[in-house]
Amino acid sequence: MAGSLVLSLVLSLVLSSCTLLAGDGEPAGGQTTSAQPAPRRVVAAVQRTLDLRAAGVRRQDRGRFDRALATGRPAFRAEQAQYFDNLAQLPLEVVDYRFDPADLLRVEDSYWVVVEVHLQLRGYDETPVVARDRYLFEPGGGKRQRLRLASVTDEAWEERNRVVPQPWDRGPVQVREVAGVLGVFDDASVAAAPGLLDAAQRAVGDVSAVVPFDWSNQVVLYALSTTAALASVADLPGGDAAALDAVAVPVAADPRDPDSGLASTRIVLNPRVLASAGADRTSTQGRTRDRLLRHEVTHVAVGARDDDAPVWLAEGVAEWVSVRPLAPEDRALPEVALVAVRDDLAAGRVRMPEDETFNADGSTAHYGLSWWAAEHLAASFGEQVLWVLLDGAGDEAALRRLVGLGEDQLAQRAARLMVATYDD
């Protein structure tokens, strides 16, 4: 996805001839197709080009990388040069391009191919992350048949298959790294890198001191000047990128394989957080920024356990961890959350937030109540109960077995504790 080619460039070819060699592809223009095995020479030519591309990236050899590209497409080659520069900044453990010969679509002498991009960030990803896109290969001449890469973009296919590009696929990035934190910035946000990386590094240390689970103690942070990366997150909490300061995004090893496991969890910041990059950690702005980062880093440390836990537990624990380094008087609670809890207590309708509506209307109150549910559990039964619940899915049966409370009973106790704390 590092470049673009307007689909109409191909439509004129499709009008004359289109043969489906695979089950996955489909031609443009509604042409009739017939399924045929891809010729071995075509499969070999595509693989040679992809191998050349991968070798160019791995060796940081631009000449080798460029030889895989079609000539006569200056805009595409410029976009690919930027993609190469982006990847050259990343600590890549694995980079590979693969395809299934069944996924070829012939258009005259050219071929659309569904390509699997395997990338692993050294020290940050447990395993390579597989992303898919559809590439166009066209004849490149030479003594033996060559197919060169002419496009890495098929917008219609990407929309159908919910392709989510990474920042290095979208445009120029600036990568900065300190021990334990890999930051991905752009030209307009990179000035914030020193402050944000320093704050993120402290957050990793603070979280590691509290969370007992084994984890890498390393974090990938996206801090870009636009909300594009945030808005592209699947199942974005609340569905509104503008309303979120940050989100921790679980990255599956292979989105198409539910059994592939979690490769990593990455943190995506809203651009407005950049304004706090230079704030002193003792200032209100600095404390707010650091608390936000500790919350998100907690999600990284907890990892796949987050997916199995009720939302109130995952978010409540993240909030609980985020305030540990703060003095009690600095542990701010939004007034709207306190008002909502007071009203619910007075009306006798305090309930634990449900997963499906946690990030809908009233989400600020839901976060507050969940935080104080974690506070009550830790204070009354010991903080170990939080980790036992997270490590064992934390359903209501486990909660009752461990502390003798149902979720709504816990919510009521949390609400009373919250009001007593902040009304003093």
Side-chain angles (χ1 to χ4, degrees), residues 202-203 205-213 215 287-288 290-302 305-306 308-346 348-355 358 362-424:
R202 288 197 306 274
D206 290 341
V207 170
S208 297
V210 179
V211 176
F213 304 133
W215 67 294
R287 288 196 300 267
T288 300
D290 292 354
R291 177 176 171 177
L292 172 70
L293 288 172
R294 285 192 293 269
H295 177 107
E296 301 305 339
V297 171
T298 300
H299 288 304
V300 178
V302 170
R305 297 174 183 86
D306 252 14
D308 297 327
V311 177
W312 73 262
L313 178 61
E315 297 300 341
V317 169
E319 277 293 275
W320 181 82
V321 172
S322 77
V323 301
R324 290 304 91 197
L326 297 175
E329 62 271 18
D330 293 328
R331 298 175 182 179
L333 175 75
E335 181 66 20
V336 65
L338 186 58
V339 169
V341 165
R342 282 200 203 103
D343 291 345
D344 287 346
L345 277 172
R349 59 171 183 255
V350 176
R351 300 286 186 273
M352 192 66 81
E354 297 180 354
D355 288 4
F358 191 95
S363 62
T364 300
H366 297 162
Y367 275 90
L369 185 62
S370 298
W371 164 23
W372 280 88
E375 290 281 358
H376 177 71
L377 287 171
S380 300
F381 304 99
E383 64 182 68
Q384 186 61 28
V385 74
L386 299 176
W387 314 121
V388 172
L389 284 168
L390 272 176
D391 211 21
D395 59 19
E396 187 156 15
L399 183 66
R400 287 185 181 279
R401 187 170 61 252
L402 285 169
V403 302
L405 296 173
E407 288 185 347
D408 290 344
Q409 290 173 301
L410 173 60
Q412 289 157 17
R413 293 193 182 190
R416 289 195 291 270
L417 180 59
M418 183 196 303
V419 170
T421 301
Y422 287 93
D423 274 353
D424 285 346

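Keep in mind the model is a prediction, meaning the values are calculated, not measured.
Taking CG of Asp290 as the reference point, atom CG of Asp206 lies at 8.0 Å (rounded to 0.5 Å). If you take CG on Leu333 and OH on Tyr422, they are separated by 5.0 Å, rounding to the nearest 0.5 Å. Rounding to the nearest 0.5 Å places CZ of Arg287 at 7.0 Å from CG of Leu326. If you take CG on Leu292 and OG1 on Thr288, they are separated by 9.0 Å, rounding to the nearest 0.5 Å. Between Leu377 atom CG and Leu405 atom CG the span is 7.5 Å, to the nearest 0.5 Å. Considering CD of Gln384 and CG of Asp391, their distance stands at 9.0 Å, rounded to 0.5 Å.
Qualifying side-chain contact (heavy atoms from CB on, under 4.5 Å) partners for Ala209, counting only residues two or more places apart in sequence or in other chains: none. Under the rule for a ring-ring contact (aromatic ring centres under 6.0 Å, His included), Trp312 has no partner lying at least two apart in sequence or in another chain. In terms of the salt bridge (Lys or Arg N to Asp or Glu O under 4.0 Å) criterion, residue partners of Arg400 (sequence neighbours excluded) are, by chain and number, Glu396. For Phe213, the ring-ring contact (aromatic ring centres under 6.0 Å, His included) partners at least two apart in sequence or on another chain are Trp387. Not a single ring-ring contact (aromatic ring centres under 6.0 Å, His included) links Trp320 to another residue, sequence neighbours left out. Scanning for side-chain contact (heavy atoms from CB on, under 4.5 Å) contacts around Val311 gives Glu315, Asp355, Phe358, with sequence neighbours left out. For the salt bridge (Lys or Arg N to Asp or Glu O under 4.0 Å) test, no residue two or more places apart in sequence or in another chain qualifies with Glu354. Scanning for side-chain contact (heavy atoms from CB on, under 4.5 Å) contacts around Leu402 gives Val385, Val388, Leu389, with sequence neighbours left out. Under the rule for a side-chain contact (heavy atoms from CB on, under 4.5 Å), the partners of Ser380 that lie at least two apart in sequence or sit in another chain are His376. For Glu319, the salt bridge (Lys or Arg N to Asp or Glu O under 4.0 Å) test picks out Arg291, with sequence neighbours left out.
Here the closest heavy-atom approach between residue Leu369 and residue Ala411 is recorded as CD1-O, 3.5 Å. Between Gly316 and Ala374, the shortest heavy-atom contact is O-CB, 3.6 Å. Annotation for Ala301 and Val207: closest pair CB-CG1, 3.9 Å, computed over non-hydrogen atoms. For the pair Ala203 and Val297, the tightest heavy-atom approach, listed with the atom from each and the gap, is CB-CG2, 4.0 Å. Shown here for Ala318 and Thr298, the closest heavy-atom pair between the two residues is CA-CG2, 3.8 Å. For Gln409 against Gly404, the heavy-atom pair with the smallest separation is OE1-O, 4.3 Å.
The list of side chain to side chain donor-acceptor pair (under 3.5 Å) pairs with a residue in residues 410-420, not counting sequence neighbours, is empty. Contacts classified as salt bridge (charged side-chain N to carboxylate O under 4.0 Å, His left out) and involving residues 363-385 (residues at least two apart or in different chains) are given here: Arg324-Glu375.
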Run the side-chain contact (heavy atoms from CB on, under 4.5 Å) test on Asp344 and Arg351 for me, step by step, so that the C-alpha distance in whole Å, both residues' side-chain angles and the decisive distance to 0.1 Å come before the verdict. CA-CA 9 Å; Asp344 287 346; Arg351 300 286 186 273; over 6 Å; no
Between Trp372 and Thr421, does the side-chain contact (heavy atoms from CB on, under 4.5 Å) criterion hold? Intermediate values first, please. CA-CA 10 Å; Trp372 280 88; Thr421 301; 3.6 Å; yes
Going through the checks in order, is the side-chain contact (heavy atoms from CB on, under 4.5 Å) test met by Val300 and Glu296? CA-CA 7 Å; Val300 178; Glu296 301 305 339; 5.9 Å; no
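By the 4.0 Å N-to-carboxylate-O rule, Asp423 lies close enough to Arg342 to be salt-bridged with it.
Put simply, the side chain of Trp371 does not reach to within 4.5 Å of the side chain of Ser322, judged on heavy atoms. Taking 4.5 Å as the limit, every side-chain heavy atom of Asp408 sits out of range of all side-chain heavy atoms of Val350.
Judged by distance alone, with hydrogens and angles left aside, the side-chain atoms of Arg331 form a donor-acceptor pair with the main-chain N or O of Val323 at under 3.5 Å.
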